[in-house]
There are 2 protein chains.
Amino acid sequence: MADTDTLELLLRKLERHTPLPEADRRAVLALPAHGRSVPPATYLVREGEPPTSCVVLLSGFAFRHKIVESGARQIVSLHLPGDALDFQSLYLRYADHNAQTLTRADLAVVPIAAMRELVTTRPLVARAVLMDLLIEASILREWIVNIGRRNARARLAHLLCEFACRMDIIGLSEPDGYALPMTQEQIGDALGLTSVHVNRSIKALSQEGLITRKGRLIGFPHIKELREVGDFSELYLHLDEAIG
Amino acid sequence: MADTDTLELLLRKLERHTPLPEADRRAVLALPAHGRSVPPATYLVREGEPPTSCVVLLSGFAFRHKIVESGARQIVSLHLPGDALDFQSLYLRYADHNAQTLTRADLAVVPIAAMRELVTTRPLVARAVLMDLLIEASILREWIVNIGRRNARARLAHLLCEFACRMDIIGLSEPDGYALPMTQEQIGDALGLTSVHVNRSIKALSQEGLITRKGRLIGFPHIKELREVGDFSELYLHLDEAIG
DNA sequence: CGCCTCTTTGAGAAGCTTCAATGTGAGTGG
DNA sequence: CCACTCACATTGAAGCTTCTCAAAGAGGCG
């Protein structure tokens, strides 16, 4: 994996909402990143530790999570290729959560100092980072709503719809669905449910004909109905919001 | 309420983690804000509408929430005096949630354009805003964990501890506790519970001697035990993190 | 004093969890 | 190439937390 073109993906993400001037684009691409390939379940951030670098997911999937006193785990966010995992740690002294890969992944690792410098000297890049954070916060809010006020069936449908949308944005969705890179236990940890109940909820959706399954490949024959079941509206993803 | 000194509180918040140079401080205080006093339950932001201004809470309490299809409400965050409610809307075209006052409140209303200008031209202010957003995101993550993986008793204890900490930071906590500015229904909406079950959980904590109550005044005779019950650690609030 | 909102309590039902066991498929070494 | 293994998925039964519905008590404000 070449070190330079790895950052193309980061640039694409930052420019999702407004293009950057040429000088800023060059500055982003000139970040001193190095590539790294890691296996599934690799820790990228550990709760309580000082952050050392900004990680950008080039391929593969990742998630953030926290462990409660009882030992239970709650997944608090999912990350797709192109996501920058650690704007979080740009200005905070200690990580407040863990981050781990879900699958094998290729990473671009940028030293924090370089990222700070970039953000400090280039207001438009700072703005793009800020927008990214605002959208991430919006997704966190929707997850609170999902877990707090929807039943298992709706939660699951909502998660599937969100993932479909996000895969679509980055061009990773197949015409008929996608491969969800999570075990049922991980899905449960993301939804505040047990894996057993996730299994039953999947079965229910499947029997209703709302989803189809071949291994981890999930199809959506009636996406409209599924969105209704999940009370899903993609407004919170702020997909097409170029700013004035 | 004088228009100029209203912004002192915002400045104090921005400077919580690192002091700003004199020029930046003056720029913040020179924001074209106007004061406004509103009654409880006043809407400050409505989901789906374009944001019009940045609101800073000078006194009183507020919350953000979303309504699901069934009509249930989920509160996704609480806000105390000094909180800026609308960095969220700085760069997003549509609000993805509602914001409403909990109590009577005094607000400083800053036009979005002025706030954008400030953030664009002053990197250190931008950094302070970014830090504020990072901490808010951290709180959102902890709420997901709280709702997803703790039982009613622990959730309630956690909320009470968080509120205690945050009141403390801004100097609003009495030696023996505080007045929680929420009805039991609102507490339920914040915790993903029903008001009935909140009532029973409060009663339980009270009978165990972990909290005392006089109306809405809540006391904490055994704060250490309460923190254990709520699995509470204030790390996620990033209280004392000056940055290098 | 009376009204209105908020709190409190009870009883039954529902949803989700827990525990435990069995089924399944992909990868591995003999 | 097959048996073995290991992680993951699936199923059943029982129990517990939380919800729902409903009604009665309490407190503050005009």
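Below, chain A is the first sequence line, B the second, and so on; all start at residue 1.
- Here the C1' atom of nucleotide dG15(C) and the CZ atom of R153(A) are 14 Å apart, to the nearest Å.
- Residue I202(B) is out of contact with every strand shown, counting any heavy-atom pair closer than 4.0 Å.
- Listed candidates were dC19(C), dC16(C), dT20(D). Nearest to the side chain of R200(B) is dT20(D).
- The backbone N or O of A41(A) lies less than 3.5 Å from a partner atom in the side chain of T101(A), making a donor-acceptor pair.
- Residue E47(B) places its CD atom among more than 12 non-hydrogen atoms of other residues, nucleotides or ligands, all under 6.0 Å distant.
- Distances were taken from every side-chain heavy atom of N151(A) (C-beta onward) to each of dT7(C), dC19(D), dC16(C); the shortest belongs to dC16(C).
- Put simply, CD on Q186(A) is 13 Å from C1' on dA9(D), counting in whole angstrom units.
- Distances shown here put every side-chain N or O of K203(B) at or beyond 4.0 Å from the OP1 or OP2 atom of dT8(C).
- In this structure, L80(A) and I170(A) approach most closely via the heavy-atom pair CB-CD1, 3.8 Å.
- Rounded to whole Å, atom P of dC8(D) lies 21 Å from atom NE2 of H197(A).
- Between the CG atom of L193(B) and the C1' atom of dC16(C) there is a distance of 14 Å, rounded to whole Å.
- Nearest nucleotide to the side chain of V196(A), out of dC8(D), dG10(C), dC19(C): dC19(C).
- Across the interface with DNA chain D, nearest-nucleotide mapping of Q184(A) and A152(B) shows Q184(A) to be the residue nearer the 5′ end.
- For D189(A) and dT17(C), the CG to P distance is 11 Å, given to the nearest whole Å.
- Backbone-only contact: G192(B) has heavy atoms under 4.0 Å from sugar-phosphate atoms and none from a base.
- Listed by first and then second residue, the salt bridge (charged side-chain N to carboxylate O under 4.0 Å, His left out) pairs that reach into residues 212-224 of chain A are K224(A)-E228(A), sequence neighbours excluded.
- If you take NZ of K214(B) and P of dC6(C), they are 23 Å apart, rounded to a whole angstrom.
- Heavy atoms of R213(A) sit under 4.0 angstrom from primed sugar atoms or phosphate atoms, though from no base atom.
- Counting to the nearest Å, the P atom of dT10(D) and the CD1 atom of I187(A) are 10 Å from each other.
- Atom CG of N199(A) and atom C1' of dA9(D) are 6 Å apart (whole Å).
- Annotation: cation-pi geometry not satisfied between R166(B) and F163(B) (NZ/CZ under 6.0 angstrom from ring centroid, within 45° of ring axis).
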